[in-house]
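Reading through the structure tokens given below for one structure.
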Amino acid sequence: MKPPTRAITVATTLGGADPLEIRSGPFIPPIERIKIFSAAEWEACVDEWASSLPGYGLVERAGGAGDMGCDIIATVDPTVDDSPWDNYQCKHYDHPLAPSDIWLELAKLAYFTHIGAYTVPRRYYFVAPRGVGTKLMRLLKKPHALKAGLIAAWPDKCAEQLTATGQVPLEGALLDHVNSLDFTRIGHLPPLRLIEGHMATRFFAVRFGLGLPARTTPPAPPDHIAPGESRYVAQLLEAYGDNLRTNVSAHTQLTAKHSAHFTRARESFYCAEALRSFSRDTLPEGAFENLQNQIYDGVIDVAEADHACGLTRVNETTKQATALSLTSSALLGRVEPIDRRGVCHQLANADRLTWVPNE
């Protein structure tokens with residue numbers, strides 16, 4: 001039997017390959033991806049998750065030198081002095097957290113609340129991509145043992161490391177303060193719980209690179225013209241009038257042909273509005289505006305060219321929009337031709353496109 005050629009061998013080897021993996025690499029589950037984040041990326045991920053939680057009026061990221069043991073500060077009501085607040089302490093290590101990893105952080109909590117740098121948080125969570133180890137998990141379930149462990153570890157793990165100005169012995173008023181602290185406030189956030197919550201944020205697709213969720217069916221346009229669509233509707237009526245060489249002041253005056261065109265235009269506008277909402281819910285701010293700007297840049301020369309009438313300008317501009325190559329949009333794969341036409345009407349609604357220019 002004739003041996004297979006090299007070309008056949010290569011084709012056989014690659015025949016079952018996933019094209020997506022060839023372009024983007026193998027799929028990395030979120031629970032594994034967080035382990036290869038940098039410390040800064042991990043803090044940003046926790047910040048994004050905490051910012052999406054209900055019940056907080058302000059979430060701030062304070063990680064870095066001089067943070068006094070506070071990374072992600074989530075305040076219930078920032079307008080009120082001494083408002084309840086929660087701290088999410090981010091630790092990105094190559095192992096599950098052990099007691100030795102947290103003593104200094106708890107010492108910072110005790111010392112800086114003792115000197116009045118900040119109030120005692122309502123809750124204090126350790127957040128680590130590999131979670132907490134068995135020994136620490138047991139300690140966190142036994143607040144008195146956790147407190148005793150901190151006191152015992154203070155001389156070797158905390159006294160010299162707390163400040164750059166000298167030792168901070170655990171004695172006198174500071175010791176009394178440690179003993180008065182409620183260690184039931186201290187816990188940990190399992191990484192899977194964070195990932196599950198992060199999935200509901202608009203940052204998930206960008207942070208984890210797993211693609212956007214499917215879109216729901218856009219709503220049908222209402223029977224009556226809504227105030228938010230009045231400007232592009234007025235521009236369309238002007239375009240129809242330009243085509244008919246007569247004044248058209250209401251959509252009820254349209255011929256059957258123009259009425260069908262008007263219905264399609266409104267459907268596309270509402271599809272684009274649904275895409276705007278989808279973008280707001282699934283991507284960081286600015287993604288949809290970036291798409292609008294790309295479409296504007298791609299159609300403006302057509303829109304400003306000479307045309308037989310305003311309706312021809314509408315049709316040629318929307319035709320150009322559907323033919324554009326939108327390779328850099330974060331919404332790639334979720335933008336349909338009807339959305340592109342709808343974006344043109346959004347641009348007309350904002351007077352960025354004009355269908356019947358004033359001569």
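Because the structure is a prediction, the values reported are computed rather than measured.
Here the side chain of N243 pairs no donor or acceptor atom with the backbone of L311 at under 3.5 angstrom. Not one N or O on the side chain of E48 forms a donor-acceptor pair closer than 3.5 Å with the backbone of F203. A donor-acceptor pair under 3.5 Å is formed between the side chain of R313 and the backbone N or O of W355. Listed for the S279 side chain is no donor-acceptor partner under 3.5 Å among the backbone atoms of L275. When atom types are taken as modelled, the side chain of R202 and the backbone of P284 share no donor-acceptor pair closer than 3.5 angstrom. Judged by distance alone, the side chain of N87 and the main-chain N or O of Y124 form no donor-acceptor pair under 3.5 Å. Looking only at distances, no side-chain donor or acceptor of D47 sits under 3.5 Å from a matching main-chain atom of R61. Although no hydrogens or angles enter the test, the distance criterion places no donor-acceptor pair under 3.5 Å between the side chain of R352 and the main chain of Y296.
Looking at N290 and Q294, their side chains do bring a donor and an acceptor atom within 3.5 Å of each other.
Applying the side chain to side chain donor-acceptor pair (under 3.5 Å) test between W85 and each of T75, D77, T119 identifies T119 as the sole match. Residue Y240 forms a side chain to side chain donor-acceptor pair (under 3.5 Å) with just one option from Q253, H251, H261, H258, and that option is H261.
The list of ring pair (Phe, Tyr, Trp, His ring centres under 6.0 Å) pairs with a residue in residues 211-238, not counting sequence neighbours, reads Y232-F269, Y232-H345. Sequence neighbours left out, the pairs with a member in residues 213-239 that pass salt bridge (charged side-chain N to carboxylate O under 4.0 Å, His left out) are R215-D339, E229-R266, R231-D351.
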Which donor-acceptor pairs under 3.5 Å do side chains of residues 127-151 form with protein atoms, sequence neighbours excluded?
unit_1 : atom_1 : unit_2 : atom_2 : d
R130   : NH1    : Y93    : O      : 3.0
K147   : NZ     : N179   : O      : 2.7
K147   : NZ     : L181   : O      : 3.3

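Of all heavy-atom pairs between A287 and L331, the closest is O-CD1, 4.4 Å. Annotation for R207 and R33: closest pair O-CD, 4.1 Å, computed over non-hydrogen atoms. When all heavy atoms are compared, the tightest approach of A272 to F288 is O-CZ, 3.6 Å. Between L353 and C344, the shortest heavy-atom contact is CD1-O, 3.7 Å. Across all their heavy atoms, I295 and A321 have their closest contact at CG2-CB, 4.2 Å.
The ring-ring contact (aromatic ring centres under 6.0 Å, His included) test applied to W154 returns no partner, not counting sequence neighbours. Judged as a side chain to side chain contact (heavy atoms under 4.5 Å, CB included), and not counting sequence neighbours, the contacts of R185 are V120, D182.
In this structure, I36 belongs to a hydrophobic cluster whose other members, linked by side-chain heavy atoms under 4.5 Å apart, are I28.
Classification of E267 and R264 as a salt-bridged pair fails, no side-chain N sitting under 4.0 Å from a carboxylate O. Under 4.0 Å is where a charged nitrogen must lie from a carboxylate oxygen, and between R193 and E196 no such pair does.
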